[in-house]
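Everything on this sheet refers to the single structure shown next.
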Amino acid sequence: MGAPRLEIDLDKIYHNAHELVVRCAKKGISVSAVTKATLGSVEIAATLLQAGVNELADSRIENIESMRHTPIDRLTKEASMLLIRSPMLSQAAQVVMYADTSCNTEIAVIKKLSVEAQRQGRIHQILLMVELGDLREGIMPEDLLAIVREVLGLPHILLKGIGTNLACRSGVSPDSTNMAELSRLADSVEAKFDLRLDVISGGNSANLHWALSGKGTKIGRVNNLRLGEAILLGCETLKSQPIEGLHTDAITLVAEVIESKLKPTKPTGNIAQTAFGDAAPVMDRGSIRQSILAIGRQDVDCCGLRPPVGIKILGSSSDHLMVESSIDDLFVGQEIKFHINYSALLRAMTSPFVSKEFM
Ligand SMILES: *Cc1c(COP(=O)(O)O)cnc(C)c1O
């Protein structure tokens, strides 16, 4: 297959997902596998389901629709699908059509979902997301009971549970304090309205440290996590550390060398700004072995690439990645394999210029 390409090792993804499902199950926590970085790949979706995840979760209804439309087997056909970004009012009909459950914070949206669900003869399930400090989505805790009251009055909406999301916008770490607060909120909703919430969704990959480290952690009412990066890249997200026993190279990126020359390190001429406003190189280190790979910012977040030993990334533009090789001369046509972070994965997966090879 041509370059650039993502090499996707489904066995390694299976291993990561299964391992996390098992570890979380020991704490009474189910795993919703977040597929938003995979552009609705049915191959990956099927692998995740085979590995035992509870449901598939995606931020885009378009991805959920495509996973629904191309089922590989019974598992993908019948999988429960969760929309994890608050639905747009303008997409309420698709959300009800393709997602079993959606995460919500706005009563206007939930009312529209109810109307659409009635029109389609369905019941739509929701999780109410609560703000616990990270300042992205979420109902302020003091407003939760009032919103629950309104939700319970909507005929075609089923309140499946509550959830929260930390460590995304502000890097707020999930800990015993904010997780206890989520449990307390679940208890108060149940006590006030005499009902049972099925799902208390504590967060994302950043919650694993809290959930799995140490025997003493009080999990409280949390019984679900939505995991993306930890499964796909085997990485913990608070400090970007590899998770023990998981593969960090389940998905790698391969790019091809299109130029390889001995070049000076210091540019010549009057220096203005670069194509992307970065600083131009200024240090004079003499001549180096500089190579260009046919991949750029259209294809990948170049800051999220980790090259093999002996190769250093010097810079990038829309279509070019400049590297320095300290060991061997790279030759034209040579393929170089990179480890990638989540940001690089997201962009490469969604770029039409990067092919996807499943191993
Ligand atoms: C992206 C996202 C997740 C998954 O995050 P990871 O860090 O990839 O585990 C979970 N929940 C919500 C609401 C998200 O937006």
Side-chain angles (χ1 to χ4, degrees), residues 13 16-17 19-21 23-24 29-41 44-45 48 51 53-64 80-88 95 99 101-106 109 126-139 160-174 178-179 182 199-212 222-243 246 248 250-251 301 304 340-350:
I13 292 177
N16 286 358
E19 192 59 34
L20 288 167
V21 165
R23 292 183 199 179
C24 287
I29 293 173
S30 70
V31 173
S32 300
V34 175
T35 51
K36 71 185 177 211
T38 71
L39 198 63
S41 155
I44 295 177
L48 296 168
V53 306
N54 179 50
E55 68 181 345
L56 300 173
D58 205 291
S59 51
R60 309 275 171 146
I61 195 64
E62 294 84 350
N63 288 345
I64 289 181
S80 167
M81 307 255 183
L82 167 70
L83 179 68
I84 53 176
R85 186 174 70 181
S86 299
M88 289 184 238
V95 171
T101 312
S102 58
C103 294
N104 284 272
T105 62
E106 290 288 348
V109 173
I126 64 166
L127 300 182
L128 288 176
M129 299 299 279
V130 188
E131 168 62 52
L132 289 180
D134 199 53
L135 303 182
R136 204 179 72 177
E137 76 272 33
I139 297 160
K160 194 177 179 187
I162 63 172
T164 196
N165 194 66
L166 298 172
C168 273
R169 178 181 167 200
S170 315
V172 171
S173 302
N178 46 40
M179 288 297 105
L182 187 65
V199 177
I200 314 298
S201 189
N204 52 47
S205 297
N207 285 64
L208 286 170
H209 185 69
W210 162 81
L212 301 182
V222 173
N223 62 6
N224 172 264
L225 291 178
R226 310 171 306 274
L227 303 180
E229 182 165 348
I231 295 175
L232 297 172
L233 297 178
C235 228
E236 172 282 335
T237 54
L238 289 173
K239 297 191 175 134
S240 291
Q241 294 302 311
I243 299 173
L246 300 195
T248 56
I251 309 180
D301 177 358
I340 51 178
N341 73 7
Y342 197 73
S343 172
L345 170 65
L346 190 66
R347 183 121 35 111
M349 259 290 179
T350 49

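Remember, it's 1-based here, ligands and their atoms both numbered in the order they're listed. A quick note: this is a predicted structure, and the numbers were derived from the prediction, not measured. Positions are given from 1 along the sequence.
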Those atoms of ligand 1 less than 4.0 Å from some heavy atom in Ile84: 2 (C), 12 (C), 13 (C), 14 (C), 15 (O)
Glu131/Thr105 under side chain to side chain contact (heavy atoms under 4.5 Å, CB included): CA gap, chis, key distance, verdict: CA-CA 9 Å; Glu131 168 62 52; Thr105 62; over 6 Å; no
Ligand 1 to Arg226 polar contact by distance, N or O atoms, under 3.5 Å: yes
Contacting atoms of ligand 1, where contact means under 4.0 angstrom from a heavy atom of Glu137: 13 (C)
From the candidates Ala230, Ser205, Gly203, the one that places a heavy atom nearest atom 9 (O) of ligand 1: Ser205
Distance-only N or O hit between ligand 1 and Thr237, under 3.5 Å: no
Within 6.0 angstrom of Glu62 CD, more than 12 heavy atoms from elsewhere: yes
Closest approach of any protein heavy atom to atom 8 (O) of ligand 1, naming residue and atom: Glu229 N, 2.8 Å
Validation row: Asp301, Ile340 side chains within 4.5 angstrom (heavy atoms): no
Contact check: Asn165 vs ligand 1, nitrogen or oxygen atoms, below 3.5 angstrom: yes
Ile243: which of Glu229, Glu19, Glu236 passes side-chain contact (heavy atoms from CB on, under 4.5 Å): Glu236
Taking atom 5 (O) of ligand 1 as the reference point, the nearest protein heavy atom with its distance: Asn204 CB, 3.3 Å
Contact partition for Arg85 relative to ligand 1, non-hydrogen atoms under 4.0 Å: neither
Check: Arg169 side chain, Leu135 main-chain N or O, donor-acceptor pair, under 3.5 Å: yes
Step-by-step side chain to side chain contact (heavy atoms under 4.5 Å, CB included) determination, Leu20 to Leu208: CA-CA 9 Å; Leu20 288 167; Leu208 286 170; 3.9 Å; yes
Location of contacts on Leu227 toward ligand 1, heavy atoms closer than 4.0 Å: backbone
Per-residue contact class, Glu236 against ligand 1 - non-hydrogen pairs under 4.0 Å: neither
Distance in Å, Lys239 NZ paired with His209 NE2, rounded so as to fall on 0.5 Å steps: 6.5 Å
Side chain, backbone, both or neither: Lys36 near ligand 1, heavy atoms under 4.0 Å: side chain
Gap between atom CG of Asn207 and atom CG of Leu238 - 0.5 Å precision: 8.0 Å
